[in-house]
Amino acid sequence: MYAIELDDFDIEQIAQSGQCFRINKTGDNRWTIIAFSRKLNVFQFGTHCGFDCSEDEFLEIWYDYFDLQTDYSKIKQMVKNTGDNYLINAVNFGYGVRVLRQDIWEMVVSYIISQQNNITRIKNIIERICQPFSDKFPTAIDLQNYTILDFQNLGLGYRAKFLFEMVQNVVNKKIILENLETMPYDDLIQYLKQFNGIGDKVANCIALFGLHKTEAFPIDVWMRRIINTKYSGNFDYKQFGKFAGIIQQYMFFYERCGMKK
DNA sequence: CTGCAGGCCCTTA
DNA sequence: TAAGGGCCTGCA
């Protein structure tokens with residue numbers, strides 16, 4: 001168990017911020033995360049955090065995964081300087097939200113599945129996809145012999161064709177995921193949108209969660225609702241530059257979880 | 001048992 | 001460029 005004190009970090013908030021489909025609460029103050037072919041048990045009480053792995057593994061894998069190299073207090077301060085009360089409330093409420101650095105291929109698959117879909121069903125589909133691979137997320141090669149019907153049988157519905165095509169594109173090197181990282185944000189979005197099943201929203205999710213392009217600002221129905229009700233339909237996210245995506249996470253989490261409690 | 005959920009694609013005008 | 005209908009399916 002590797003123990004550490006962490007500020008601006010709340011695993012429960014991260015799990016509920018909608019960016020990850022493979023974090024599950026397993027008990028009081030306990031969660032299990034599956035990422036990068038590893039399973040990690042996490043304990044958190046206040047700022048006391050425990051990670052069920054060696055220090056070496058934590059520093060090698062999970063430090064980066066949790067985006068611990070980024071100072072979120074600076075982002076919060078910047079938000080406070082705007083004087084925008086809605087954003088300030090959102091940041092105060094979601095004090096422990098962070099943007100995880102997740103695997104690009106997993107994000108491509110997950111967000112193709114996510115369209116016009118609910119969270120429970122998305123998680124169940126992803127679980128069924130991973131089940132034959134001992135819960136590790138399968139590579140495109142792993143899935144290359146899957147047919148559209150196979151994916152339909154896993155519950156993807158009309159999205160089965162999109163995933164089938166994407167698997168083939170990766171296997172045939174028609175798209176090389178490793179090359180996406182260096183693409184400028186605008187080019188990246190245009191490029192991703194060429195593929196069937198990837199529109200503006202999904203492309204921005206892939207850019208933000210899979211490539212940590214933090215200028216990405218995915219607008220889904222929740223974000224649209226905020227923009228319409230709090231900002232009269234107009235929200236200039238570009239003013240936040242590279243912080244837009246992180247601010248999006250605060251807004252999204254506040255909208256989804258803020259009023260319940 | 002309806003209605004819909006973290007959109008996208010295609011067709012019209 | 002904008003607007004609108006159809007789409008799989010299981011969960012609320």
Side-chain angles (χ1 to χ4, degrees), chain A residues 12-25 90 93-94 97-100 102-104 106-131 146-169 175 186 188-214 216-231 233-235 237 244-260:
Chain A
E12 179 146 37
Q13 291 189 352
I14 292 169
Q16 292 175 359
S17 65
Q19 59 184 301
C20 180
F21 302 106
R22 304 201 79 195
I23 300 182
N24 289 306
K25 190 162 188 174
F93 181 78
V97 167
R98 306 180 81 86
V99 175
L100 301 175
Q102 301 183 74
D103 176 67
I104 174 62
E106 182 170 335
M107 293 302 100
V108 168
V109 174
S110 297
Y111 284 95
I112 284 176
I113 293 169
S114 79
Q115 63 180 261
Q116 190 65 21
N117 215 337
N118 62 60
I119 307 268
T120 319
R121 189 175 160 207
I122 297 166
K123 292 182 78 163
N124 287 338
I125 291 172
I126 291 172
E127 246 179 59
R128 285 196 291 273
I129 289 179
C130 297
Q131 195 273 330
Y146 279 49
T147 63
I148 295 177
L149 186 60
D150 289 331
F151 287 129
Q152 283 173 340
N153 288 338
L154 291 170
L156 273 82
Y158 70 91
R159 309 162 196 82
K161 184 165 73 86
F162 302 151
L163 180 53
F164 171 80
E165 290 175 7
M166 185 52 72
V167 168
Q168 297 306 315
N169 282 331
I175 172 171
D186 289 321
L188 173 67
I189 298 299
Q190 289 315 308
Y191 179 75
L192 288 172
K193 282 169 70 174
Q194 293 173 2
F195 298 96
N196 243 333
I198 299 182
D200 214 45
K201 191 269 179 180
V202 170
N204 273 280
C205 285
I206 293 169
L208 180 57
F209 304 131
L211 297 163
H212 209 73
K213 300 283 183 189
T214 50
F217 194 86
I219 299 176
D220 57 23
V221 291
W222 295 88
M223 291 302 296
R224 176 50 58 193
R225 194 176 305 142
I226 298 169
I227 292 170
N228 287 345
T229 59
K230 312 288 182 190
Y231 295 94
N234 265 306
F235 183 78
Y237 64 87
I246 295 170
I247 288 168
Q248 188 268 2
Q249 280 308 100
Y250 287 123
M251 295 168 76
F252 182 85
F253 177 72
Y254 187 45
E255 178 70 13
R256 285 213 61 179
C257 304
M259 305 310 160
K260 286 191 237 171

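Only heavy atoms go into these numbers, but all of them, side chains included; no hydrogens, no water, no symmetry mates.
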Between C/dC11, B/dG6, B/dC9, which nucleotide gets closest to the side-chain atoms of A/Phe21?
B/dG6
Within this structure, what is the CD1-to-P distance between A/Ile122 and B/dA5, rounded to whole angstrom?
12 Å
Taking for A/Gln116 and for A/Asn124 the nucleotide of DNA chain C with the nearest heavy atom, the one nearer the 5' end belongs to A/Gln116
A/Asn228 CG - B/dG6 C1' separation (whole Å):
15 Å
For the residue pair A/Asn24 and A/Lys123, confirm or rule out a side-chain donor-acceptor distance under 3.5 Å.
yes
Has the side chain of A/Gln102 got a donor or acceptor atom that lies under 3.5 Å from a matching backbone atom of A/Gln19?
yes
Aromatic ring centroids of A/Phe217 and A/Phe235 under 6.0 Å?
yes
Most 5' of A/Phe252 and A/Phe195 on DNA chain B, judged by nearest nucleotide
A/Phe252
Could you work out which one of B/dC8, B/dG6, C/dC8 sits closest to the side chain of A/Gln115?
B/dC8
Would the A/Phe21 and A/Phe209 ring centres measure less than 6.0 Å apart?
no
Determine yes or no for a side-chain-to-main-chain donor-acceptor pair under 3.5 angstrom, with A/Arg121 supplying the side chain and A/Asn118 the backbone.
no
State the dot-bracket string of DNA chain B. Criteria: Watson-Crick or G-U wobble, both atom distances under 3.5 angstrom; notation: ( ) intrastrand, [ ] crossing earlier pairs, | interstrand, . unpaired.
.||||.|||||||
If you check every side-chain atom of A/Asn118, which of B/dG7, C/dG10, B/dC9 has the closest atom?
C/dG10
Might you point out which heavy atoms bring A/Arg225 and A/Glu255 nearest each other, and give the distance in Å?
CD-OE2, 3.6 Å
Return the value, rounded to whole Å, for the distance between atom CE of A/Met223 and atom C1' of B/dA5.
18 Å
Value in whole Å for how far the P atom of B/dC8 lies from CG of A/Leu163:
15 Å
Ring-plane angle category for A/Phe252 and A/Trp222, please: parallel below 30°, perpendicular beyond 60°, tilted otherwise.
perpendicular
Establish whether the base of B/dG6 is bridged to the side chain of A/Lys201 by a donor-acceptor pair shorter than 3.5 Å.
yes
Expressed as a whole number of Å, how far does the P atom of B/dG6 sit from that of C/dG5?
22 Å
Would you state whether a donor and an acceptor, one from the side chain of A/Arg121 and one from the base of C/dC11, lie under 3.5 Å apart?
no
Rounded to the Å, how far apart are A/Asn117 CG and B/dC4 C1'?
11 Å
Comparing A/Gln194 and A/Trp222 on DNA chain B - which has the more 5′ nearest nucleotide
A/Trp222
Rounded distance in Å - CD (A/Glu255) to C1' (B/dA5):
15 Å
Of C/dC11, B/dC9, B/dG6, the nucleotide closest to the side chain of A/Cys205 is B/dG6
Please report, rounded to the nearest Å, how far the P atom of B/dG6 is from the CD1 atom of A/Ile226.
13 Å
Is the distance between the ring centroids of A/Phe164 and A/Phe151 under 6.0 Å?
no
Take atom CG of A/Leu192 and atom C1' of B/dC9, then tell me their distance rounded to the nearest Å.
17 Å
Write down the distance separating the P atoms in B/dT11 and C/dC8, rounded off to the nearest Å.
15 Å
With sugar-phosphate meaning primed atoms plus P, OP1 and OP2, does A/Ile119 contact a base, only sugar-phosphate, or nothing at under 4.0 Å between heavy atoms?
base
Does anything in residues 147-158 of chain A come within less than 4.0 Å of DNA chain C? Heavy atoms only, and list the residues if so.
A/Gly157, A/Tyr158
No-hydrogen, no-angle side-chain donor-acceptor test under 3.5 Å, A/Thr147 and A/Asp150:
yes
For residues A/Arg128 and A/Ile125, determine if any side-chain heavy atom of one lies less than 4.5 Å from a side-chain heavy atom of the other.
yes
